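Start at 1 and go down the list; that is how both ligands and their atoms are numbered. All figures in this text were calculated on a predicted structure; none of them were measured in a lab.
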Amino acid sequence: MKKPIPITKPTLESYDAYAPMFRKILKSGRLTLGPYGEEFEKKTAKYLGVKHCVAVSSCTAGLMLVMQGLELTGEVIVPSFTFLASAHAILWSGLTPVFADIDPKTFTVDPRSVEKLITKKTTAILAVHVFGVPANIDALTKIAKKHKLKLIFDAAHAFGAEYKGKKIGNFGDAEVFSLSPIKLLTAVEGGLVATNNDALAAMVRRGRNYGDDGTNNAPIAGLSARLSEFHAAVGLRSFAMFPANLKNRRVKAAYLINALKKLEPRLEFQFIPKDVTTTYYILSTRIDKALLGYSRDELHDFLKQAGILTRKYFYPPIHRQAPYKKYVRSGGVLPVTNEVTDSVLALPLFSHITKKELDAVIAGFRSFLKGRKPLTRAKK
Ligand SMILES: Cc1ncc(COP(=O)(O)O)c(C=O)c1O
């Protein structure tokens, strides 16, 4: 059997590209919080146009450090349609997640749902730039200001995305990126806290190193969440490739979207508002049975048999997973989240995916539709 086409893959170089830096690190004996980490922070901050980028060991740890730095208490409003880590960071910070619904087209948090959930205990909003598509930042900023709430963005998917001409990384109190293996910008593992707030940046810097500010007399109980020099070195190589990788994704996503839309004009991809750009971290479509006559699961299973791996993502949403069921507010049924999670399907896309692989995805889709012709023209 042929090797299946994966949904995603890290885009890396050969070992020789990394070796000189690894050798230098080993020779210096400076394995963490060293010059490569500093260079990585400076370069990424300059690219984003933000005052501070603080490198940490993961986006999850970065979110926790931001929540500690902002001295949050009580409830944090977060979408349920996100990766588990968004909610885990809230829970591990001793805070209560309150789940908001999403927009059915962009899949990002619905500001109207957020505003309805605000109580006296609400301390912050944690919005997510889902699959690289920026959330409705203006509306969320307005709500946060009006109710005196902190605003944090889980930007795990969104390094390189823009909102109204400005790079993601500049909004809210802080935005936190992930550098895990399959992200467009990767350091193998890692995260970046981007903020224009000097005091918060200093808190995160201290917090990633146990809370120690160099005096051995920690003012806060921090984490062990540094980015090692080896990770920073990989991050620097990845950063050098980043503009080309982002461009490639966009070209390849457009190719796949156009071809699939020709086959099935009613196919709905994640909507990208006019005034934003996405990273295409995930290329996501909705397979709505009422509209198309076939279900997401049928398509997923068919493509799997044909050696094309897709992913039901995010499915199930967080509020339906064990640790979080008890946090669902009475009446908080999240109808749009439930609808989207049952119909969403992520398609194969990575920066170095080949035309041959993309054409195989298109061919797989075509043969699925052929077998289902009577159904595809079914009910509207
Ligand atoms: C939306 C979102 N938030 C947070 C994370 C966690 O990132 P990390 O693995 O860097 O902690 C991820 C991981 O992909 C994610 O998708």
Query raised in the report: Please state which protein non-hydrogen atom is closest to atom 12 (C) of ligand 1 and give its distance, to 0.1 Å?
Result: Phe83 CD2, 3.3 Å
Requested in this report: Mark up the atoms of ligand 1 that fall under 4.0 Å of a heavy atom belonging to Gly190, in ascending order.
Outcome: 10 (O)
Report task. Specify the protein heavy atom at minimum distance from atom 11 (O) of ligand 1: its residue, its atom name, and the distance to 0.1 Å. Result -> Thr60 OG1, 2.5 Å
Query - Whether His157 and Tyr281 hold their rings parallel, tilted or perpendicular, with breakpoints at 30° and 60° - result: tilted
Query raised in the report: What pairs of residues pass the side-chain hydrogen bond (donor to acceptor under 3.5 Å, both in side chains) test when at least one of them lies in residues 63-81, not counting sequence neighbours?
Result: Glu75-Thr119, Glu75-Arg329, Ser80-His319
Requested in this report: May I ask you to list the atoms of ligand 1 that are less than 4.0 angstrom from any heavy atom of His157?
Outcome: 1 (C), 2 (C), 15 (C), 16 (O)
Query raised in the report: In this structure, are over 12 heavy atoms from other groups packed under 6.0 Å from Lys312 atom NZ?
Result: yes
Query raised in the report: Which pairs, with at least one residue in residues 203-232 and sequence neighbours excluded, count as a ring pair (Phe, Tyr, Trp, His ring centres under 6.0 Å)?
Result: Phe22-Phe230
Requested in this report: Quick one: look up the protein heavy atom nearest atom 3 (N) of ligand 1 and list residue, atom name and how far away it is.
Outcome: Asp154 OD2, 2.6 Å
Requested in this report: Apply the test side chain to side chain donor-acceptor pair (under 3.5 Å) to residues Tyr294 and Glu264: give CA-CA distance (whole Å), side-chain angles for both, the deciding distance (0.1 Å), then the verdict.
Outcome: CA-CA 12 Å; Tyr294 49 85; Glu264 176 55 277; 3.2 Å; yes
Query raised in the report: In terms of residue, atom name and distance, what is the protein heavy atom nearest to atom 14 (O) of ligand 1?
Result: Lys183 NZ, 2.7 Å
Query raised in the report: When only distance counts, is Glu189 in polar contact with ligand 1, meaning an N/O pair under 3.5 Å?
Result: no
Query raised in the report: Above 12 or not: heavy atoms from other molecules or residues under 6.0 Å from NZ of Lys150?
Result: no
**Report entry** Ala85 and ligand 1 - part of the residue with a heavy-atom distance under 4.0 Å
**Finding:** side chain
**Report entry** Atom indices of ligand 1, in the order listed, that fall short of 4.0 Å to a heavy atom of Thr82
**Finding:** 1 (C)
Query raised in the report: Do Phe368 and His300 have their ring centres less than 6.0 Å from each other?
Result: no
Query - salt_bridge(Arg205, Asp213) N-O dist < 4.0 Å - result: no
Query - Test of proximity, Cys59 against ligand 1: N or O pairs below 3.5 Å - result: yes
Query raised in the report: Counting heavy atoms only, which part of Ser58 comes closer than 4.0 Å to ligand 1: side chain, backbone, both or neither?
Result: both
Report task. Consider every N or O of Tyr281 and every N or O of ligand 1, then say whether any pair is closer than 3.5 Å. Result -> no
